[in-house]
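Just follow the structure's listing: the first ligand is 1, and inside any ligand the first atom is 1. One is the number of the first residue; the rest follow in order along the sequence. Bear in mind the structure is a predicted one, so any value in this text is a computation, not a measurement.
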Amino acid sequence: MSITKVTQHPTQNEELIFDRSQTGRIGYRLPKLDVEETNIDEIIPSELRRQDDLDGVPEVSEVDVIRHFTRMSTWNFSIDLGMYPLGSCTMKYNSRLNEKVARIPGFANLHPLAPVAGAQGALALIYKLQEDLAEITGLPGISLQPAAGAQGEMTGVLIIRAFLDKRDGEKSRERRVMLIPDSAHGTNPASAALAGFTVKTVNSTAAGLTDMEHLKKLCDEGGIAGLMLTNPNTVGIFEKNIKEICDIIHQAGGLVYMDGANMNALVGVARPGDMGVDVIHLNLHKTFSTPHGGGGPGCGPCCCTLELEPFLPIPRIVKDGENYKLDFNRPESIGRVKAFYGNFGMMIRALSYIQTHGAEGLKEATESAVLNARYVGHHLVEDFDKPFDSDPMHEVIFSHKKQTRKGVHTLDIAKRLIDYGFHPPTIYFPLIVQGAMLIEPTESVGRQDLDAFIDAMKAIAQETVENPDLVINAPHSTRIGRLDEAAAARKPVLRWQPDMETLSKTA
Ligand SMILES: *Cc1c(COP(=O)(O)O)cnc(C)c1O
């Protein structure tokens, strides 16, 4: 072992499990057999058995395995470790109670094919959550089937399409334009395209709002199927003209889809249904406290007006007297979008979250989320360029404009934050702000942590002036520094290849 290696922290220095391998080392020693040995040939025919000696499989003890994976787990940042201000993602702390409730054996072990009579409790839970989310959004039609926000979007725009096809018959083919603001999340145009729509982009104003004149102009061009709008939008600003926007779209014969990923700024305070929105998706894994990241599982409920309700995916979970049942008899439904009824575990956590907060608590969480973002916005406005003047809602956007003069960019600031113990915010999104840093603290960050984050950001602004190289070469405290992310994505190394020379030496 070289000197530099000995001086490094063992946790930071952990190698591949293959490198830990010692020939002959084992994890378990079993007692001698006290029954007669079975002839393996009688059980598994030899042609089905592997012939080699498991060459290259690591030979390690139990403690090797435990330490290896525990050490690796510390390379990740997690919501339980600290503030995770990833804008648009709403990375809030997930109460342990919600996790505990999701593990109640009657729920956790229920088979998705259990007969309806044996799943009444689960169906009652789904029904109750549907009622609560309908109340929160002001949109009474609801399906919890979609497994992500993006799938909720696709469900929503397919519903719009089914509605237009029914309303306009053959003529509906002339109505295939979906309007989407230039600030939108990339999933919006993707969902619209998948549902057979053509996307036209609506400009944003210098104030970060939908450009009303441009919207009207696009509507005048005709063929409008609808608009997909995020509110508050992706720069964290409430679209205050939302009622007028909805009127314009409705007058043009289209429907309004709201991307509800930012509902953390509205729950208990304002309802999309009251604003004139026709259909919305929620992200239970953002707003309603379910752990997320790493690809799921998630839950992206689709909520809509009574007019659109017949088109929701089947089966619907409905009340039948005192009991609950699955209703497949919905001839206008767009069909099924997910196996069984969606990701039930998310629904348990969401209902637990809603019930433990209560109506007042949900409103308070929303107010705290907005206050926290405004607090960060207020304290960083002198050190970083804040491209929009208006008060932000639950997330605040800055850019690297002041730092680029010193050669420091958003990516460098993000990497340097890691040295200060924070997960970086969302960077370079939305695309309409050059070098964007989208900071969303959520309600689950206290004053102390907010102040520490602000101090870290201020310190980085100071370092940029005094010693830009410190920021440009960050992080300095992690096992590895900067990755070639493009190469990692394009040429992933998915398989460890044994070094044949070392292998033959140890054998
Ligand atoms: C997260 C997000 C989505 C997509 O939701 P997923 O659950 O990740 O599929 C869509 N729009 C916005 C604004 C988002 O932040």
Side-chain angles (χ1 to χ4, degrees), residues 79 84-92 94 133 137 143-158 178-195 199 201-202 204 208-210 227-239 242 256-267 272 277 279-303 337-338 342-343 345-347 349-350 369 373 392-397 425-433 436-442:
I79 197 75
Y84 210 130
L86 214 50
S88 216
C89 293
T90 311
M91 302 294 283
K92 63 174 74 173
N94 306 296
L133 295 177
T137 56
S143 168
L144 298 177
Q145 219 178 85
Q151 203 186 17
E153 283 174 37
M154 198 188 69
T155 305
V157 287
L158 283 174
M178 191 59 77
L179 301 179
I180 301 182
D182 53 8
S183 57
H185 195 263
T187 49
N188 291 186
S191 301
L194 269 178
V199 174
T201 305
V202 189
S204 301
L209 293 168
T210 298
L227 165 77
M228 293 181 86
L229 187 76
T230 311
N231 199 16
N233 62 28
T234 60
V235 296
I237 299 173
F238 187 79
E239 294 278 0
I242 180 71
V256 178
Y257 182 93
M258 183 175 126
D259 179 326
N262 290 342
M263 272 300 283
N264 215 45
L266 301 183
V267 175
V277 167
V279 50
I280 176 178
H281 84 262
L282 302 170
N283 303 63
L284 295 192
H285 47 285
K286 290 177 181 170
T287 317
F288 296 93
S289 171
T290 273
H292 70 122
C299 183
C302 182
C303 310
V337 299
K338 172 85 176 75
N343 287 321
M346 316 288 95
M347 302 172 201
R349 290 173 176 90
M393 296 293 287
H394 66 307
E395 56 193 357
V396 54
I397 197 161
T426 291
I427 57 173
Y428 301 106
F429 173 82
L431 302 173
I432 58 165
V433 172
M437 290 177 267
L438 186 59
I439 302 169
E440 179 179 3
T442 82

- Give me the one residue out of T230, T210, N231 that meets side chain to side chain donor-acceptor pair (under 3.5 Å) with E239. T210

- Query: Listing by chain and number, which residues have a heavy atom under 4.0 Å from ligand 1?
  - Reply: S88, A148, G149, A150, E153, H185, T187, D259, A261, N283, H285, K286

- Task: Apply the test side chain to side chain contact (heavy atoms under 4.5 Å, CB included) to residues N262 and H394: give CA-CA distance (whole Å), side-chain angles for both, the deciding distance (0.1 Å), then the verdict.
- Result: CA-CA 8 Å; N262 290 342; H394 66 307; 3.3 Å; yes

- Message: Could you tell me if the side chain of I280 sits less than 4.5 Å from the side chain of M263, heavy atoms only?
- Response: yes

- Does N264 reach the side chain of K92, with side-chain heavy atoms less than 4.5 Å apart? yes

- Task: Could you check if a side-chain atom of T90 sits within less than 4.5 angstrom of a side-chain atom of N283, using non-hydrogen atoms only?
- Result: no

- Looking at side-chain heavy atoms only, is the closest gap between S191 and M178 below 4.5 Å? no

